[in-house]
Amino acid sequence: MIQVIGDTMNSALGLSRDPQQLTLLQMGLRAIVIYAIALGMVRVGGDRRFIAKHAALDVLLTIILGSTLSRAINGSAPFFETLGAAFALVLLHWLLALIAFHFDRFDPLIKGRSHVLIQDGEINHAAMKKSHISYRDLKSSLRLKANLTDPSQVEQARLEASGEISIILKDKPPSVVELPVESGVQTVRIQLN
């Protein structure tokens, strides 16, 4: 059984062939397999910081597509077959994005989930560890995005699927200023927001 699977993969992907002899179909299948494996690696790794503010889906397409097309340019792979592999990648990317758009359950598998780093002023150390976010990174985001230094002023901070940290501040109680109008008679209260 394992031998049959191995032979089928070898034939479909042209694993034992000279790269110059790969067919359009084999190059397209190779591109799809590499894309799927790379996406799995990024999703399992979970480190959003290496892809900055972009979805893993988009970054992987950019890297793999660039690498694939460069082979057609420098002649290290057959021209039309390499273009076929590039079209297969773009089609797969489009299909995955379409599926993620229409099926909410599929979206986190491709783009990831957000993680709560601060809830009601309390830092979630487990989420920070899982997301590879240091306390220094979190404090930096608080300063840069919310002009804060104290996590206790944060209602919620999340590491979003995009890799950015979003911050929602706690509602501050309004400041009230009391001004005496006439000594001993009346006081005016002004609420400042």
**Validation row: Glu155, Lys170 side chains within 4.5 angstrom (heavy atoms)** = yes

**Any donor-acceptor N or O pair under 3.5 Å, side chains Asp137, Ser140** = no

**Fill in**
Distance col, row Leu117:CG vs Glu122:CD, nearest 0.5 angstrom, shows 13.5 Å

**Message:** Quick one: does any side-chain atom of Thr8 pair with a main-chain N or O of Val4 as donor and acceptor, under 3.5 Å?
**Reply:** yes

**Asked** Is it true that a side-chain atom of Ser67 and a backbone atom of Ile63 form a donor plus acceptor pair closer than 3.5 Å?
**Response** no

**Item:** Single-linkage hydrophobic cluster Phe87~Leu96, side-chain heavy atoms < 4.5 angstrom
**Value:** no

**Asked** Should we say atom CG of Asp7 is surrounded by more than 12 heavy atoms from elsewhere, each under 6.0 Å from it?
**Response** yes

**Asked** Are side-chain heavy atoms of Leu159 and Ile165 found at a separation under 4.5 Å?
**Response** yes

**Prompt:** Are Leu144 and Ile118 linked, directly or through other ILVMFWY residues, by side chains that come within less than 4.5 angstrom of each other?
**Reply:** no

**Request:** Might you point out which heavy atoms bring Gln26 and Ala12 nearest each other, and give the distance in Å?
**Result:** CG-O, 3.1 Å

**Asked** Of the non-hydrogen atoms in His93 and Leu61, which two are nearest, and what is the gap between them?
**Response** CG-CD2, 3.5 Å

**Prompt:** Honestly curious: do Phe101 and Ile99 fall in one hydrophobic cluster under the side-chain, below-4.5 Å linking rule?
**Reply:** no

**Message:** Tell me whether Leu69 shares a hydrophobic cluster with Leu92, the cluster being built from Ile, Leu, Val, Met, Phe, Trp, Tyr side chains joined at under 4.5 Å.
**Reply:** yes

**Request:** Give, for atom OG1 of Thr149 and atom CZ of Arg143, the distance between the pair rounded to the nearest 0.5 Å.
**Result:** 8.5 Å

**Prompt:** How about Gln119: does its CD atom have over 12 heavy atoms from other parts shown lying under 6.0 Å from it?
**Reply:** yes

**Shortest non-hydrogen contact from Pro151 toward Tyr135** = CG-OH, 4.2 Å

**Request:** Mind listing the closest non-hydrogen atom pair of His115 and Ala127 along with its distance?
**Result:** CB-CB, 4.4 Å

**Straight-line distance of Arg71 CZ to Glu81 CD, nearest 0.5 Å** = 11.0 Å

**Asked** Same cluster for Ile64 and Val90 if Ile/Leu/Val/Met/Phe/Trp/Tyr side chains link at under 4.5 Å?
**Response** yes

**Request:** Show your working on side-chain contact (heavy atoms from CB on, under 4.5 Å) between Thr68 and Thr82 and close with a plain yes or no.
**Result:** CA-CA 7 Å; Thr68 301; Thr82 303; 3.8 Å; yes

**Item:** Where Leu138 and Met128 come nearest, the two heavy atoms and their spacing
**Value:** CD2-SD, 3.7 Å

**Item:** From CD1 (Ile133) to CG (Asn124), nearest 0.5 Å
**Value:** 12.0 Å

**Prompt:** When Ser166 is tested against each of Arg158, Gln156, Glu160, Lys145 for side-chain hydrogen bond (donor to acceptor under 3.5 Å, both in side chains), which residue passes?
**Reply:** Glu160

**Complete:** Closest non-hydrogen atoms of Leu65 and Ala86, given as atom of the first, atom of the second and distance, are CD1-CB, 3.5 Å

